[in-house]
Peer 1: 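Here's a structure for you.
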Amino acid sequence: MMAESGSMPVRATKRGDERTPLGGERDVLICGASFAGLAVARELAGSGADILILDRYEIGERQTSACGIPTEWLRRLGLMEAERQRFDSLLIHTPHGDTRYRLPWTFSTFDYRELCQLLWRDCDATFETAKVNGRAAPSNGGGKISVETDRGVISAPLVVDALGWRRVLASGDGYQPPVAPLSRGLEVHPGGESEDLAIWIDRKYVPAGYGWSFPADDELRIGIGSFDPRFHVKDTTVELTRDLGKEPNEYQGNWIPHKLRRATEGGVFFVGDSAGHCLPLSAEGIRTALYFGIALGQELRGVYEGRQSRGEAEAGYASFHDSHEWKFKWMLRVQKLIPRVPPRALGPAIKLMGAKRFVDWSFNHYLAIAPPEHAGSRWADRSADDQDGPDQQQDDAEDPLGRERDLVEAEQA
């Protein structure tokens, strides 16, 4: 999809004479330098492995989401410096009434570039900008996999595809919008302030999906997400933004997978959107990218350190991935159900579900799909001085489970 002229930020990448030939062999090749790829590399830090990370753009240059995550995930990963604003409630707007849910844990927006740089700070990998075109044929011997880029062919026995929903290093399955199980989202970032983390379930804006406003200090991240990939969201993104008294700017968006795909294929490991690691209904993909990225990094570290074979790592990672399938399927069922609810019944139903006991139960189960405990405590000390953050952290955030999108840069005008 093409952006309107002048509506998109310029992306930092190497051009012209800077794009020198790139080749050779590495121990680990990670294709994709956003949340999932950086999480894998961070888990491998200190192993001694020769790790190369490739991305078309510089690290932190390609934000495609509203950049929000449960606060405890930031704390556990030592990423609190990137936090911009924190919320202990969710305001839900419908045509027939508004309801505020008091959450059992807090949710934070963050700065994409800064968070990526914080993750990168803890890696001991090499990074290069290059466009990954696919697998090179034939692959090298000795179990090594060759990857073709616009700067040359690189080989490694351990290869990760964290490049997004296109699943570039797979054999190809005809997975293309709008017929693929993908949602679509578009967002703008006008200046402004608000205390409300808010969503709109309103068919005025989108027949099947929702709108959102994620405040982040001095900007509002306003967007529309459609569960139906055929519904064009640009006009209603503009409409919602103007309804909030703002003018749209800097369009950014993504195709958002809402179905899990194979965790491994042909010896390649897939993580993040390339594996469908984005939760249906909420379209939350950052937490799950970090969650599965950590799991994959641990498996690959076991291979490099000689504790298991690549085949054993494939089996272990695939088993971990597959164990979450039923959770994703339940979320998808709810995603399909909500558009069928009559509009006049939707407001009262959402209000009814706002009872504290139900909110605590449902949101804690939702958090448990990818719990922050999985991140361990290796990096948590770095955030020890900022556990209250910009707003007071709820008491139970220390133990939140104790209480039970390639770029759709903007749409065509």
Peer 1: Identify, with sequence neighbours excluded, every residue that meets salt bridge (Lys or Arg N to Asp or Glu O under 4.0 Å) alongside Arg113.
Peer 2: Glu61
Peer 1: Could you list the residues that satisfy salt bridge (Lys or Arg N to Asp or Glu O under 4.0 Å) with Asp98, not counting sequence neighbours?
Peer 2: none
Peer 1: List the residues meeting side chain to side chain donor-acceptor pair (under 3.5 Å) with Glu193, not counting sequence neighbours, and say none if there are none.
Peer 2: none
Peer 1: Report the residues that fulfil side chain to side chain donor-acceptor pair (under 3.5 Å) with Arg262, sequence neighbours left out, ordered by chain and then residue number.
Peer 2: none
Peer 1: Only counting residues at least two apart or in another chain, list the ones meeting salt bridge (Lys or Arg N to Asp or Glu O under 4.0 Å) with Arg203.
Peer 2: none
Peer 1: Sequence neighbours excluded, which residues qualify as salt bridge (Lys or Arg N to Asp or Glu O under 4.0 Å) partners of Glu284?
Peer 2: Arg287
Peer 1: How would you list, by chain and number, every residue that makes a side chain to side chain donor-acceptor pair (under 3.5 Å) with Asp150, sequence neighbours excluded?
Peer 2: Arg19
Peer 1: For His258, what residues pass the ring pair (Phe, Tyr, Trp, His ring centres under 6.0 Å) criterion, not counting sequence neighbours?
Peer 2: none
Peer 1: Quick one: ring pair (Phe, Tyr, Trp, His ring centres under 6.0 Å) partners of Tyr210, sequence neighbours excluded?
Peer 2: Trp212
Peer 1: Kindly write out the residues that satisfy side chain to side chain donor-acceptor pair (under 3.5 Å) with Lys131, not counting sequence neighbours, or none if the list is empty.
Peer 2: Asn133
Peer 1: Quick one: ring pair (Phe, Tyr, Trp, His ring centres under 6.0 Å) partners of Tyr101, sequence neighbours excluded?
Peer 2: none
Peer 1: Which residues pass the ring pair (Phe, Tyr, Trp, His ring centres under 6.0 Å) test with Phe320, not counting sequence neighbours?
Peer 2: Tyr291, Phe292, His324, His374
